[in-house]
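Read the structure below first, then the notes.
As the structure lists them, so they are numbered: ligands from 1, and atoms in each ligand from 1.
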Amino acid sequence: MGLPVRAALLQAVSGPFVIDEVELDAPRAGELRVRVAASGICHTDLAYRAGAGRFPLPAVLGHEGAGVVEAVGEGVTGFVPGDAVVLSYFSCRACSTCAGGHPAYCEHGYAGNFSGSRPDGSFPMRWRGAPVRSSFFHQSSFATHVLAHQHNAVKVDGSAPLDLVAPLGCGFQTGAGAVLEAFRLQAGQQLAVFGAGAVGLAAIMAARVAGAATVIAVDLSAERLELARELGATDTFLADEPGLTKTLLKRTRGGVDFALECVGSPQVLRQAFEVTRPLGTCGLLGLPGRDAEVALSMTALLMGRRLVGILEGNADPKAFIPKLVALHAQGRFPLEKLRRPYDFEAINDAVHDMETRTAIKPVLRMPGGGTT
Ligand SMILES: [Zn+2]
Ligand SMILES: [Zn+2]
């Protein structure tokens with residue numbers, strides 16, 4: 001008999017989440033039981049709700065959890081009950097990719113994050129007596145309590161507001177990490193960001209932190225561009241403006257040092273690549289459709305330009321998330337401007353508002369989670 005907790009179950013592709021009681025295992029070796037205070041909703045949750053996982057339902061999604069450690073399993077080091085944690089993506093911390101400092105591309109990343117089960121194939125939650133997919137990103141944070149692994153839990157300052165810092169686990173880390181970790185953008189350089197959602201806006205905030213001279217934001221929404229400007233964009237453009245590529249090349253005198261695609265569209269990736277200067281780098285952050293392909297000018301590529309896919313900002317959450325928490329505490333990473341809070345029970349409203357682009361970063365507050 002496991003611990004009775006509440007979780008939002010997805011029972012059918014594109015269906016609503018239904019909150020019900022599930023049973024949660026005791027923590028196994030390496031695991032932590034976390035009482036979830038809050039969880040962000042990320043586009044990957046929406047993609048999996050729409051069937052991207054192709055795994056049997058029901059499932060518990062959610063991968064931007066934050067909360068307090070309640071119990072630890074065998075062999076856990078560095079965490080004790082009472083610790084505040086932000087939960088991020090799972091990596092094994094041992095394969096050659098992890099050892100090389102790139103845990104986002106861990107050899108066990110798929111099994112640990114996207115299978116819906118633990119890496120060994122087991123499930124931490126049961127619903128009506130049957131196991132359910134409940135280890136999404138080794139957390140499934142749309143629940144009041146979860147089992148995370150010590151490898152994807154990040155201890156943060158106890159005074160950090162958990163319902164603000166929860167999305168640092170994925171979306172905000174992705175955008176900020178691309179600029180600060182993958183690009184290592186230097187003061188005085190130029191950045192163009194295509195798509196001013198949570199990821200793109202986090203990249204813009206990070207570019208300001210790094211001292212970028214020019215930060216261009218491109219989006220279809222004038223309202224989002226207004227916010228981009230408030231967060232550090234120096235120039236904003238509507239995505240459907242005719243002749244935009246030419247305009248951007250003129251404005252940047254031949255192209256930007258770094259461009260970021262945060263939409264997942266072949267056309268946008270091509271445009272981002274085209275406004276990158278020779279020797280510049282274009283990064284892909286957006287989640288494309290499974291079979292998406294892109295056509296690029298090989299001559300343009302030959303001019304020293306680089307095109308790189310970036311997962312989770314190429315950041316190691318154990319080091320990077322505390323850095324972002326500290327920047328937020330200094331007022332230099334104003335997450336509150338992107339976050340819209342919802343009660344856990346209103347999860348379907350939060351999903352609707354995200355899909356209709358009225359909310360940038362919905363964060364669910366769990367009952368009894370200690371947030372205000
Ligand atoms: Zn690994
Ligand atoms: Zn995510």
Going by atom types only, do Ser88 and Glu312 share a side-chain donor-acceptor pair under 3.5 Å?
-> no

NE2-CG distance between His328 and Leu164, expressed to the nearest 0.5 angstrom = 5.0 Å

CD of Gln173 to CD of Glu64, rounded to nearest 0.5 Å, is 9.5 Å

Do Gln267 and Ser265 get their side chains close enough for a donor-acceptor pair, meaning under 3.5 Å?
-> yes

So, His43 and the Zn ion (ligand 2): N/O/S under 2.8 Å, yes or no?
-> no

Does the shortest distance from the Zn ion (ligand 1) to an N/O/S atom of His108 fall below 2.8 Å?
-> no

Angle subtended at the Zn ion (ligand 2) by SG of Cys42 and SG of Cys170, nearest 10° = 130°

